[in-house]
*Asks:* 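Pasting in a structure now, in C-alpha cells, and then I'll have a few things to ask.
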Amino acid sequence: MPRPPPSRWLRPRSLIRTCEYACILLCIWSSCLPPGSRARKLSSQAEPSSSELPKPRLDYRNLAENVEFKSHNAFNRKALLPVGALRNVARLYEEQTQLSRDISAKRHSQSTIGDRIRASASQPESKQALLDVARNLKAEIADLESRLKDVQSRLLPLALAIPNDTHPDVPIGPESDAKVIAQHGTTPLPASPSRDHVSVGRALNLLDLEAAATVTGNSWYYLLNEGALLELALVNYALSLAIKHGFTPVTTPDVVRPDIAARCGFQPRDQNISQTYHIAPTVAATDGSAKPHPELVLVGTAEIPLAGLFANKIFTSDDLPRKVVGLGHAFRAEAGARGADARGLYRVHQFTKLELFAVCTQESSEEMMEEMRRLQVEIVEGLGLSFRVLDMPTEELGASAYRKYDMEAWMPGRGSWGEISSTSNCTDYQARRLHIRYRASKPPPSTEASDNATERPVSNVFAHTLNGTAAAVPRLIIALLENGARFDEQGNVVGVDLPVALRPFWLGKNDGSMLRWV
Amino acid sequence: MPRPPPSRWLRPRSLIRTCSRARKLSSQAEPSSSELPKPRLDYRNLAENVEFKSHNAFNRKALLPVGALRNVARLYEEQTQLSRDISAKRHSQSTIGDRIRASASQPESKQALLDVARNLKAEIADLENVPIGPESDAKVLAQHGPTPLPASPSRDHVSVGRALNLLDLEAAATVTGNSWYYLLNEGALLELALVNYALSLAIKHGFTPVTTPDVVRPDIAARCGFQPRDQNISQTYHIAPTVAATDGSAKPHPELVLVGTAEIPLAGLFANKIFTSDDLPRKVVGLGHAFRAEAGARGADARGLYRVHQFTKLELFAVCTQESSEEMMEEMRRLQVEIVEGLGLSFRVLDMPTEELGASAYRKYDMEAWMPGRGSWGEISSTSNCTDYQARRLHIRYRASKPPPSTEASDNATERPVSNVFAHTLNGTAAAVPRLIIALLENGARFDEQGNVVGVDLPVALRPFWLGKNDGSMLRWV
C-alpha cells in the first residue's frame, strides 16, 4: 500500500516533527554503537550527541494486534499521528516479521550448503551448482537484510509517536472534562482582587518583577526577604515529608541531552510552540582547546533527569520500588502563555520544583500512584490550603501518561483554581525507551510446576515509572500569599499568615508583626 | 593619527562587542540589551593618567590593544573638541534659521558627528598594595582551622562518595555529559544543609535573602565585567533563540545566557537605582545556580566535583558608599571565615595578585580549603571589591543625604543640588556547594581497619539543618 501523500497529513507540522523526530533519532542511532557495546572513551574530541542508550524496545505485536483500539485511543488523546499510522505500523511489523523469517530460512540453507559442498568435492558439476546456490543465497540474504533495516528504520519512529494506553476510568475529552475525585481543606475564601499575589507581594516587598524584566525579561522574577525564605522553607518542608514517606533525596542536573527528554515522552502537544530552551553549541576555539559540548537542553521538569538516573538498569523485583525525590529547577520557554496566566508568578520561565519519581513492578504501579497522591495530599493539607484532586481526561495526558491526577489550589486573588501539582503513571512507556527493567527474584507462580522439569531463565521485563510534583514553589507561594494576606481596616496589606508547618524550616527571625503563624 | 588596523587589536572579539542601542519592541521579540543607559566612565581621569594606568593594565595582564591608553587620551581630546565645534555650529545654525526666514535660503550642511571610541572600554582601576603577578604570587593573609591532614589518595572525594553512595557521575554522563553529577542520599542532604547553614549565618550578619534568576541578558553580564580572560575559551552557555512559530504565536525571546555566578543577577537587581547614603549599605545574599561551560578544564581539575558545569552557590553582594567599600570587604571576609570555621575545615585567605583580578575587581580575596584527597589547597570562596566598575556600567548611584561639609559655607549663599555619585559594589562567595562537599568528604571520611570507607564525620554546625534521619553509623557529628 503506497504511503499517503503529504497533503493528507492532518497537521503539517506533525509531518515535520515526525520526520524531524525520526531524522534526529536515525542520525543519532546510525552513528550509534550497536546495542550492548561499550561507550568509546573520549579525550580530546566532542562528546557524542546521543545518550548512547540502546534503541527503545516497543511492543510492536501489541500495536499490530490492536490497531483499532490504539487508533481510537490516540484520537481520544488528540495525539498528532499521521493518517493511517497504526495501520502502517501493523503493515511494517508484518513485513519485518516476514523478512526476519526469510532471512532465518536462507541462513539455515546457507549453513547446510557448506556441508553439501564438501560432500560433493568429487563431483565438479554438482559442486559448481552448489557454489552458485551459495553465492545466490549470500546475495539474497544481503538484500533481505538491507530491506529489513529499511523497514525497521521506518517502523520505530512511527511506533514511538504512538501514545501510551489509557486507564479505563479516565474521562474522555478536553481539560474541562476533568473529574473532581476529592476536595480537601477549608471552605475556599471568596474571590477578591485585593488578594492578588502580585500586589500583596509588592506591598510586602517579597518579589521584584521589574528588576527581573530589566535583567532578563518578562516572566522572570526575584523573590526577596520573606519571599526567598518562603521558597526555602517550602523546599525543606516538602522534602522532609517525602523522606518520611521513604523517598530518597537526589539533586539533579537541570541540563540534559535532548534524546533523554524525548525518551521520557516530551513531545510538545501543541506543535506550534516549543517549551524547551536549547543551549547553543559552544564555538570550538581556533586552537582546538575548547571541546564542543553535546547538544543540550534545559529541562522543564526534574522528572527527566530523575528518569535518566535509572536508564539502562536491571533491578531485581526485591530492589523495587525505587522512590526518589529530586530537587531541581524547571526552565520553560512558555512561549504560548497569554493574559492572566502570564502575570506574576503563575507562569514563569524558571522555578524550583521538588519532584517525586518511582520505579516499580508492573503490578504495583496503580498502588504507587495512590501512595504518591497520599503524600502530596499530606504536603498540601499541612499548608492549610483548599485544594482538589482531579482525574485528568484523555486530551491532557500527553504522550506518556496512562493516568494523571492534577491538584489545584484555590487562589482567591486570581479568583480561580490553579494547578499546583501533577502526578502521572507512565506504565512502561518511559521504561521501554530508557531500558529500565527488572527480573522477578523468583519465577512467577504459573511456571512452578514446569520448573521441576527444566531450569527456565527468568526474563527481564520492563518496569513501570511514575512521577509527581512534591512542591512547585511559585504556585504554592501564590496560594499562600493570596489566602494568607492580612489587611488593616483601610484594606492595605499589612502582613501574611503562614502555616505553622513551615515554621521549623524558617531561617529568618520569627519576630515582627508582618508574619503570623496559623 | 590613523586608527590601528584590526590585526593589531589584541582582542578581535572586543571589536565585535560594540554597543548597540536597544530598540523598543512590543509584540516583537524583547530587546536584547537591557535598555540601561550606556556606562558612564571617567574619561578625564584616564586621559590625565596614561602612564600610570598603562602600567596598571600591564600588571593585571589585561588584554588591551597596543597604545590603548594613548588612544583613549587622544579620542577624549577629539571628543571634547568636536563637542565644542558642534555647539558652535548649532548656534550658527539657529541664527542661520532666523536669517533664512528673514531672507533667501542658504543651505548649510551639518558636520558629521563623532566617531567616538566607545568601542574602547579600557578597564583600568587604581591599585594600592595588591601583589603584582600571576596566581602563584598570591599572598597568604591568614590561615585558619586545624592542622591540615596529610595528603592521602584514599581520601579522594570521588572514591569516598562512590563507596557511600553519595554521588553518581556515570548516570549524569549518560544523561547529560562529563562533569555533570547527581548527589544522592546524604550527598543531597549535605547540599541542602550547607545552603541552609550558610544562609542563616549570612542573615545573622544582616544580609537579606534573595532568590535570583539563573538566566540573564548578555548585556548585563558584560556590564558586570564578565569578559573571558582567555579569549579562546568561553565559559558561558548561550540559550539558542526560539524559533518563531509559523502562526506568529511564539514570541522569540531576547538573547539570553546562563549565569556563571549569582553575582550577575544580584548586581542587576540594583541597576539604574539611586539610593540615599542612609539607604546604604544594601547587603543581600542570593541563592542561585552557576552554570559554567568550563571548556578549558583539564586533568585532575575536571575530575569529580571540582570543576563541574552546574552547581549551587550562595553569593553575598553589597552596594555601599565609596568610603566604606574597603571596610565592607573586611566585613564579608569575617562572615566567610565564620562560615568555614564552623565547618571545621583548614583553610587560608589569599590576597590575589593582579593577573587574577579580572576586569572588575579592585582587590580580591580568595579562600582555599585543604583537600587531603586531592593533596592540595582548593578554592572554596572568592571576594571582590569592584569599587565603581560595575556601578558605572549598571548606573548604581547614591546621593549623600546631607551635603558634604566642605560646601556648607557656600550653602548659605545658594542652594546647591547634591549630585549623585556612583556607589561601590562588592561580591563574595557564601557557599560554593561542591567545593565544600569535597572538603568535608575528604577531611571527614572514616575508614575501617582494612582501609575501607565506612562513613563520614560532619561538623555539628550542620546538624540543625539536617533533614534526614540522624541515626545509623554512617554519619557522625563532630
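Residue numbering restarts at 1 for every chain, and letters A, B, ... go by the order of the sequence lines.
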*Asks:* Which heavy atom in A/L232 sits nearest to a heavy atom in B/L287, and how many Å separate them?
*Replies:* CD1-CD2, 3.9 Å
*Asks:* Nearest 0.5 Å, please: how far is CG in B/D214 from CG in A/L298?
*Replies:*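 It comes to 9.5 Å.
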*Asks:* Of the non-hydrogen atoms in B/L269 and A/V215, which two are nearest, and what is the gap between them?
*Replies:*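 Shortest heavy-atom contact: N-CG2, 4.3 Å.
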*Asks:* Shorter than 4.5 Å, heavy atoms on both sides: which option in A/K244, A/H329, A/E231 has the most such pairs with chain B?
*Replies:* A/H329
*Asks:* Just give me the residue among B/I203, B/N185, B/L199 that pairs up with chain A most often, heavy atom to heavy atom, under 4.5 Å.
*Replies:*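 Most heavy-atom pairs under 4.5 Å with chain A: B/N185.
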*Asks:* Identify the heavy atoms of B/P213 and A/Y222 that sit nearest to each other, and give their distance.
*Replies:* CD-CE2, 3.6 Å
*Asks:* Return the minimal non-hydrogen interatomic distance between B/R217 and A/T214, and the atom names on each side.
*Replies:* NE-O, 3.1 Å
*Asks:* Can you tell if the side chain of A/N236 reaches within under 4.5 Å of the side chain of B/F465, non-hydrogen atoms only?
*Replies:* no
*Asks:* Considering residues, nucleotides and ligands other than B/R282, do more than 12 of their heavy atoms fall under 6.0 Å from its CZ?
*Replies:*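 No, because the 6.0 Å sphere around CZ of B/R282 holds 12 heavy atoms or fewer from other groups.
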*Asks:* Counting C-beta onward and ignoring hydrogens, is there a side-chain heavy-atom pair between B/V433 and A/T251 closer than 4.5 Å?
*Replies:* no
*Asks:* Against chain A, work out which of B/V195, B/T212, B/N272 has the most heavy-atom pairs shorter than 4.5 Å and name it.
*Replies:* B/T212
*Asks:* Is the shortest heavy-atom distance from the side chain of B/T208 to the side chain of A/L224 under 4.5 Å?
*Replies:*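 Side chain of B/T208 against side chain of A/L224, heavy atoms only: no contact under 4.5 Å found.
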*Asks:* Taking every heavy-atom pair that is under 4.5 Å apart, which of B/I220, B/V215, B/I264 has the most such pairs with chain A?
*Replies:*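 Heavy-atom pair counts peak at B/V215.
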*Asks:* Return the option, out of A/G227, A/A228, A/P249, A/A211, with the maximum number of heavy-atom pairs under 4.5 Å with chain B.
*Replies:*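 Option with the top pair count is A/P249.
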*Asks:* Which one, A/P305, A/S240, A/A212, leads in non-hydrogen pairs under 4.5 Å with chain B?
*Replies:* A/P305
*Asks:* Looking at A/L507, A/L434, A/L229, A/L296, which makes the most heavy-atom pairs under 4.5 Å with chain B?
*Replies:*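 Counting heavy-atom pairs under 4.5 Å, the top option is A/L507.
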*Asks:* Given that the side chain runs from C-beta out, which part of B/D168 has a heavy atom under 4.5 Å from chain A: side chain, backbone, both or neither?
*Replies:*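 Contact with chain A is through the side chain of B/D168 alone.
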*Asks:* Is the closest side-chain heavy-atom distance between B/I239 and A/F331 below 4.5 Å?
*Replies:* no
